[in-house]
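Note sheet for the following structure.
Computed from a predicted structure; not experimentally measured. Counting starts at 1 for both ligands and their atoms, following the listed order.
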Amino acid sequence: MSETISMIPVARPWLGEQEAEAARRAILSGWVTQGPEVAAFEQEFAASMGAPHACAVSSCTTALHLALVACGVAAGDEVVTVSHSFIATANVVRYCGATPVFVDVQPDTFNIDPALVKDAMGPRTKAILVVHQFGMPCDLPAILEIGRRRAIPVVEDAACAVGSEIDWNGRWERIGRPHGLVACFSFHPRKLLSTGDGGMLTTADSALDQQFRLLRHHGMNVSDAVRHTASKVIQEEYPVLGYNYRMTDIQAAIGREQLKRLPAIVSRRRTLAARYQEGLAGVDGLRVPPEPEWARTNWQSYAVHVVAGRQRQIMQALLDAGIATRRGAMNAHREGAYPAGTWRAPGPLRRSEEAQDSAIVLPLFHQLTESDQDRVIAEVRRVVGGRS
Ligand SMILES: *Cc1c(COP(=O)(O)O)cnc(C)c1O
C-alpha cells in the first residue's frame, strides 16, 4: 500500500500525568508493595462500588482463584460456569483441581443462560461462577435464586464490569456491591481502569475478606502494616497454604487516580456506544448488541455480530482500511488446554460457538474521536454491506 493511513486501535488505556505522578509518589515513599496505597485504593474502590470490603490482588485471575479457594472448591468438585469467556474464567476452576461444567449462553447478551444452570448442577457442584461478559451484567437475580435454593455460592467474574450497573429492586446499583458472594475485577489495560495488571475482590462477608487477605500474602497471619507499627517483636505464623498474589503500592497509587476517572470513562463509552447503535442500525447482515432494560453496561467491549462465515474477511477488510478489530469472546472448550476429560457440559454449547464465530469487537476507548468513530461506522457499513 503506497498511502499511509492512520490506524485506529481497538482499545487504549487512559493514563496521564496524574498516574505518572502517583507512581512517582509511591516509589519515592520507600514502601512499594501492599502498603498504605493498597489500603487506600481498597477503601476508595469499596466505597465506589458500594461494597463493604475490597481486597486488592495481582490480577483478576488471582482474584478468581482466591474466591474459589475461599468457597472451598477443591479436587473432585465441580463449578458451573461458561466456556464462552476469556480462558482465565475456566482456568481458575482447574487451578483448584476442580472440573468446570460449561453451560451455553443467551442468544442476545451472550451471558450465562439461567435456564440451563439447574441441569448443570449435581452433587459435586461447589460454586456457580458467572461472567458479566464485556461489561454487560448477566441475569443475576435468576442465578442468585438458583444458588440460594441449593445453598451454592455465586462468584461474579466482573473482570470487565467496573462501572456497569444493574436494576436492583428499582434502584441502579453498581456491579460489585457485590450481589453474589464475591465479585472479582481486573485492571488489565483492556479493561476500563488499568494499573498495568491488577485485580480486586469485593464482598459483604468480613470473614471472607479476612481469608482473601491471608491467602494473598502466603497465608501469613500478620500483615506487614501490623509488623511495621508493632512495638513488640511479632513472630508470624502460616496456618494455611497461601499464595503471593499481592498488588504493589505503585499499582495501587495508579489505581486511585484511575478510579477518579471512572465516571467520565463510563459516560464517554456510553455516548460512543450510542453513536455506534445509531450509525450501524439497519445494516443487512450485521447485528448491534442489545442492552436489556435492567442493565447499564460500561461497554468494556462493543461487539457486533456478522454472518459467521464472513467474520475473518470483514476483519481483514477493516484492517486494510486502518481499523483494528478483535474477535469476540473465545470458548475455553475449543482450546488445546481443554482436552476431553478436563471439563463437562450437560448440553450443547452451540450458541457459545456461534457467538465466537460471529462477533467482531469494534474500536471503543475514551479518547476515540467522533470523526475516527465516523470513519469506523462508514467502513463497517461499506465492508459488511459488501459494496467494496
Ligand atoms: C480479562 C479477563 C479476566 C482476566 O483478568 P486478568 O486481570 O488479566 O487476570 C478474567 N475474566 C474475564 C471475563 C476477563 O475479561
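- Between E165 and R296 there is a salt bridge, since a side-chain N of the basic residue sits under 4.0 Å from a carboxylate O of the acidic one.
- Using a 4.0 Å heavy-atom criterion, the residues that approach ligand 1 are S59, C60, T61, S85, F86, A88, T89, V131, D157, A159, C160, S186, H188, K191, G198.
- Looking at R171 and D167, no side-chain N of the basic residue comes within less than 4.0 Å of a carboxylate O on the acidic one, giving no salt bridge.
- S267 pairs by the side-chain contact (heavy atoms from CB on, under 4.5 Å) definition with nothing, not counting sequence neighbours.
- Ion pairing of E21 with R25 is absent here, as no side-chain N (NZ or NE/NH1/NH2) approaches a carboxylate O to less than 4.0 Å.
- Screening residues 81-115 for ring-ring contact (aromatic ring centres under 6.0 Å, His included), with sequence neighbours left out, gives H65-Y95, F102-W343, F110-H305.
- In terms of the side chain to side chain donor-acceptor pair (under 3.5 Å) criterion, residue partners of R275 (sequence neighbours excluded) are, by chain and number, Q373, D374.
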